[in-house]
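Just follow the structure's listing: the first ligand is 1, and inside any ligand the first atom is 1.
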Amino acid sequence: MKILSILYDGGDAARAEPALLGTTENKLGLESWLQELGHEFVVSSSKEGPDSVFQKHIVDADVLITTPFHPGYLTADLIKKAKNLKLAVTAGVGSDHIDLNAANEHKITVAEVSGSNVVSVAEHVVMTILTLVRNYDTGHQQAITGNWQVSNIARKAFDLENKVVGTIGAGRIGYRVLQRLKAFDCKELLYYDYNPLSKDLEDAVGCKRITDLKEFLGKCDVVTVNCPLHEQTRGLLNSETIGYMKKGAWLVNTARGAICDREAVREAVSSGVLSGYGGDTWDHQPAPQDHSWRYMVHPLGGGNCMVPHYSGTTLDAQARYAKGVRQILENFFENKPQDPANVIVEGGKYATKAYGQR
Ligand code: NAI
């Protein structure tokens, strides 16, 4: 079989650190195993445009493996051309880089390594919330540029205690964020999700579900986005819905960049309507040099906690998703069923309830 994998280039770091498994150098640790089994394994980071390795090889690949960190965008057009494609594996979590409706039309199975990096992301979310709310970046900039003006930091620094924090999506990551925030004695922990948590899970963290988005956004001091990107969440946070948020609230999005409208976020941060925005996911990856989220600043400084997409690709997470990809391939080669928790679409249908209400 022909297996095509689109990963990011790790360069010197990946040559020096073999545990950087999700790179073109270290190939998810799969190369010798796949070669021993007699498969052709094509690995590259080249993914944009008709001359890219991705677009050239997808036409006769049987399996695609790609990561959300450097996604090969498998559009409906490419799916039409991918005559042999039977399985698309996401090395990580979040399969929105694949046109899932088109995958269904062509009966392609899409599977991801569910749970592989959910703690990694939840920890990053808590870090980002604290970094924004406490105005850490403004303080750090002073420290490294030789300045010292505490009032310019403190005028926009708050405690997380007694704030209302809400998550859009209370699945594996959203719930883990709430669990971790319990220790901060927030005023309320809220969630907005069409799949309710059980009463036991709600009680364990003391959170409450709000079913109306406008009401939910209006109550939160901090909103964290932890749902997949699909038709119903693309642009969910836009100028209208950001307008429902409290003035001076913070917005954290480690889910997918395109859930938040690029220009609406820039405008809200630059005008001070939001106190800050942070996350690691961008509406196109790698983010272009001139992406406004790289440069936006709150009128009082700071308010920007963006980083490249890495929260779910810690070395711990890479070990877990590389192992999970191998298991998915083994099941596929041996005609065994996949772990249902990993299957996003299969046999022409959505196997998960997380990609929208259908
Ligand atoms: P999950 O499937 O366990 O939970 C997702 C939750 O979102 C579900 O409870 C679902 O009902 C809810 N949801 C879906 N649409 C919604 C909507 N319109 N409104 C409110 N809630 C909605 O998924 P998990 O593991 O928690 O991951 C969530 C997302 O986080 C992934 O799909 C991915 O996009 C992103 N992610 C980001 C990573 C990073 O490195 N930044 C790494 C891993 C995941």
> At a non-hydrogen distance cut-off of under 4.0 Å, which region of T281 contacts ligand 1 (side chain, backbone, both, or neither)?
Replying inline: side chain
> Has R294 got its NZ or CZ under 6.0 Å from the middle of the six-membered ring of W282, at an angle within 45 degrees of the ring axis?
Replying inline: yes
>> Considering non-hydrogen atoms of the protein only, which is the closest contact for atom 15 (N) of ligand 1, and what is the distance?
In response: H230 NE2, 2.9 Å
> So, is N117 polar-close to ligand 1, with some N/O to N/O distance under 3.5 Å?
Replying inline: no
> Heavy atoms, side chains only, cut-off 4.5 Å: are I328 and L87 in contact?
Replying inline: yes
> For ligand 1, is there an N or O atom under 3.5 Å from any N or O atom of N195?
Replying inline: yes
> What atoms of ligand 1 come within less than 4.0 Å of a heavy atom belonging to D280?
Replying inline: 39 (C), 40 (O), 41 (N)
> Can you list the ligand 1 atoms lying under 4.0 Å from a non-hydrogen atom of V121?
Replying inline: 38 (C), 39 (C), 40 (O), 42 (C), 43 (C)
> Looking at Y277 versus W293, is the centre-to-centre ring distance below 6.0 Å?
Replying inline: yes
> For atom 4 (O) of ligand 1, what is the nearest protein heavy atom, given as residue, atom name and distance?
Replying inline: G171 CA, 3.2 Å
Please tabulate, for side-chain N and O atoms in residues 25-39, each donor-acceptor pair with protein atoms closer than 3.5 Å (sequence neighbours left out).
from, atom 1, to, atom 2, distance (Å)
E25, OE1, G10, N, 2.8
E25, OE2, G10, N, 3.3
E25, OE2, G11, N, 2.9
N26, ND2, A14, O, 3.0
N26, ND2, E17, O, 3.4
N26, ND2, L20, O, 3.0
K27, NZ, T24, O, 3.1
H39, ND1, M1, N, 3.2

>> Please work out, at 4.0 Å between heavy atoms, whether the side chain, the backbone, both, or neither of V118 comes within that distance of ligand 1.
In response: side chain
> Hey, which of K163, K247, K246 is the one that makes salt bridge (charged side-chain N to carboxylate O under 4.0 Å, His left out) with D221?
Replying inline: K246
> What do you reckon, does F69 put a non-hydrogen atom under 4.0 Å from ligand 1?
Replying inline: yes
> With sequence neighbours excluded, what pairs up with R134 under the salt bridge (Lys or Arg N to Asp or Glu O under 4.0 Å) test?
Replying inline: D159
> For V93, does its backbone N or O pair with a side-chain atom of T90 as donor and acceptor, under 3.5 Å?
Replying inline: no
> Polar-atom distance check: G312 versus ligand 1, any N or O pair below 3.5 Å?
Replying inline: yes
> Would you say S311 and ligand 1 have an N/O pair spaced under 3.5 Å apart?
Replying inline: yes
